[in-house]
Structure formats: structure tokens, C-alpha cells
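Notes for the one structure printed next.
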Amino acid sequence: MAEVLVYVAHADGAVRKPTLELLTLARRIGEPVAVALGPGAEATAPALAEHGAVKVLTADAPEFADYLVVPKVDALQAAYEAVSPAAVLVPSSAEGKEIAARLAVRIGSGIITDAVDIEAGDEGPVATQAAFAASYTTKSRVSKGTPVITVKPNSAAVEAAPAAGAVEALAVSFSEKATGTKVVARTPRESTGRPELTEAAIVVSGGRGVNGAENFHIIEALADSLGAAVGASRAAVDAGWYPHSNQVGQTGKSVSPQLYIASGISGAIQHRAGMQTSKTIVAINKDAEAPIFDLVDYGVVGDLFEVVPQLTAEVQSRKG
């Protein structure tokens, strides 16, 4: 069976959930070979093996931490040349898409971004994407070279499938461009204790109807009761009520959780573009004509200041 390269997203050896999802998808089209780079790369091997990686190619060098994406592209290209894979899968983060695009250019291959599913086809992997603000789905395949595909988080269930996970050192020769852009400072992200927005299984978002930054605690309380991430519409972010890093939409982040709860969000096309692939969508809005209700699985016509606290209390009582 052909091998499939999977780029590993990890934090000092802790493998991130989107990578485990990629391993599940990779097994549909071949044998996963994971590529882990940077500090803690070797520590990723047990988790990767547990989820189907037949091999784990690792490399660590100062370049991976001290410079931007080019050293990682150099390493992934080295892995590509060593393995000759049937496809290359990369998590669909901002960094992942840049790495994938640069790799595709280097190896002369087509690229598909933001896939939500992958299946085997007679002429190579077939990727499913959401198009036109997720109003349609398309199936595509790369017609030139080795497919490079980025996959959105929460596109597949994580499935354990123990494999050998043999660790092999990856020899990497860095290009001249690898050191062109240096990281000169880092500011640790302030931890909220909540899941990462794009990776969360549940997202609770607030919009214009929250009516002020001082009221977002209502959204946060529901999110915390559900173990969810907190999102915000562009209107709420532009008003300064919540950080841009939490914005869901075309000019923010795209999310695809199992459950998306929109509170006080009208459902403008810009917002829908960032959340319409969610598996189950619930809206709370006092305007029964709000466009969001055309999209949802469940809708509550009511004042979020009454509905959301009641929902939070009900969740907490059932948990307690």
C-alpha cells in the first residue's frame, strides 16, 4: 500500500487533535508516515503510533524555532523525496496552509485546501470541500503531481489503530531562504483554560445582540459549562467587545465543531462562511426573521439574556 505523509502539529511533543484526525483520513488512502519537527519531535511517536503511523520521521534543529515556515517546508520536502508518497496531508491552520502551498510549488503539484473529507479514488485521493459559504459541497482531486491537501479541524473522528510507529531521523538540508525571516520575540498567549477555537468540539459565539463587552460573561458561562470555546461575530469584534483572535467568519477563523451555538448573531453571509460546516447548529435570537434561522438545526426565538442563563443553569444541573 502506498505511503501518505502526514505533517504533525504538536506543542513540545504533545500531538494536537487535528493531526490525529489526519492519521484517520490517511489510513483510507494508504499507510500514514508522520513527519514531526522541532523540540519534542521524538516524544510524539507513541501517540502517532497509537493512531496508525507506520513510521515517524523526526528532525530537530534551531531553525525550526528561530525562523518562520521555510525550514519546515525544507524538512517536509526532504520527507517527500525520501518517501515518494501518494499524498501529503497538512492541518488547515494558517501556518499549515502556507507550508502546504510552498511545498506544492516546489514539487510541482496541485493543492486542495480546507478539505472536510478525503476518500480513495481510482485516480487518486478525492477531497470534499465546502464552497460558497458552505452552501454547496464539491469533490475534487489533484490532476498533476502528488496531491497536497490541507484538512480543516473536526473533519473526522479520531480513531485508534495501533501501528509500528518506527522512529527514523530525517536528514534535512536547509535552503538559503530558510533563514530569511527570523523570529525576534515571542509573547505567550494568555491561557483561558478553554479549548482552541478552531479545534473545539463545541463553540459558543456571541454577536451584536450581546450588546456590550460587559455582557460577554453570559456567553463565557455557557461555554465553560459545556467545556467549549468562545467565539464572536465580526460585529462584536469590530465594536471592541471581544478579541479578534476569537472572531468566527470569513475575515476571522473557520470552525467546524460538533455543536455551534450562536447567540445574538443575525447570520450574515460573512459569519456563515466561518461556521456553516458545523455538525449541529443552534441559534438564539429574538428576531424570528433573522437569516441565521435558515441555517440552523435548532432555533430559539427569545432574548439571549433570558435564554442563555437558563440553558447554562440546566447544563450545570445535569452535570451536577
Side-chain angles (χ1 to χ4, degrees), residues 116 130 132-136 152-155 192-320:
V116 295
F132 297 106
S135 298
Y136 298 89
K152 292 180 70 172
N154 292 312
S155 293
T192 63
R194 301 186 183 102
E196 164 62 31
L197 181 59
T198 58
E199 299 175 15
I202 304 174
V203 174
V204 180
S205 288
R208 192 189 305 274
V210 176
N211 201 30
E214 68 277 8
N215 296 324
F216 250 88
H217 69 89
I218 297 173
I219 305 300
E220 293 175 333
L222 176 57
D224 291 342
S225 72
L226 293 167
V230 175
S233 70
R234 178 174 177 173
V237 169
D238 286 351
W241 299 345
Y242 222 68
H244 180 267
S245 58
N246 293 75
Q247 182 180 327
V248 174
Q250 199 165 23
T251 55
K253 293 180 178 178
S254 293
V255 299
S256 189
Q258 296 297 314
L259 173 62
Y260 187 87
I261 302 177
S263 300
I265 296 175
S266 64
I269 191 67
Q270 187 273 346
H271 186 77
R272 293 168 64 151
M275 48 65 75
Q276 197 161 349
T277 56
S278 304
K279 308 305 182 291
T280 301
I281 301 172
V282 177
I284 302 167
N285 199 302
K286 64 182 179 181
D287 179 6
E289 302 300 320
I292 192 75
F293 287 123
D294 295 333
L295 174 67
V296 302
D297 298 285
Y298 303 96
V300 180
V301 178
D303 187 338
L304 74 86
F305 293 101
E306 297 177 3
V307 175
V308 174
Q310 290 182 55
L311 180 55
T312 303
E314 181 66 20
V315 171
Q316 291 174 336
S317 67
R318 294 195 181 194
K319 289 171 62 177

What is the ring orientation for Tyr260 with His271, classed by angle as parallel under 30°, tilted 30 to 60°, or perpendicular over 60°? tilted
Heavy-atom side-chain contact between Trp241 and Asn215 under 4.5 Å: no
Val210 vs Ile218 side-chain heavy atoms within contact, under 4.5 Å: no
Side chain to side chain donor-acceptor pair (under 3.5 Å): pairs with one or both residues in residues 223-235, sequence neighbours excluded: Arg194-Asp224, Arg234-Asp238
Nearest atoms (heavy-atom pairs only) where Ala229 meets Pro195: CB-O, 3.6 Å
Hey, are the side chains of Glu306 and Lys286 touching, using non-hydrogen atoms and a 4.5 Å cut-off? no
Heavy atoms of Gly264 and Asn285 approach each other most closely as C-ND2, 4.0 Å
Compare all side-chain heavy atoms of Ser155 with those of Val116 and state whether any distance is below 4.5 angstrom. yes
With Leu226, the side chain to side chain contact (heavy atoms under 4.5 Å, CB included) member among Val203, Thr312, Val204, Leu311: Val204
Straight-line distance of Tyr242 OH to Ile219 CD1, nearest 0.5 Å: 9.0 Å
Pro257 and Asn154 have their tightest heavy-atom pair at CA-ND2, 4.0 Å
Which atom of Gly209 lies closest to which atom of Phe305, heavy atoms considered: O-CE1, 3.6 Å
Asn246 side chain to Val230 main-chain N or O, any donor-acceptor pair under 3.5 Å? yes
Separation between CG of Leu222 and OG of Ser205, rounded to the nearest 0.5 Å: 10.5 Å
Which pair of heavy atoms, one from Ala130 and one from Thr277, lies closest together, and at what distance? CB-CG2, 3.5 Å
Minimum side-chain heavy-atom gap Lys152-Ser254 below 4.5 Å: yes
Taking every heavy atom of His217 against every heavy atom of Glu214, the minimum-distance pair comes out as CD2-O, 2.9 Å
Hey, could you give me the CE/CD1 distance between Met275 and Ile292, rounded to the nearest 0.5 Å? 4.5 Å
By side chain to side chain contact (heavy atoms under 4.5 Å, CB included), His244 pairs with (sequence neighbours left out) Val237, Gln247
Taking the side chain as every heavy atom from C-beta outward, state whether Thr280 and Tyr298 have any atom pair closer than 4.5 Å. yes
Approximate separation, where rounding is to 0.5 Å, of Ile265 CD1 and Ile261 CD1: 11.0 Å
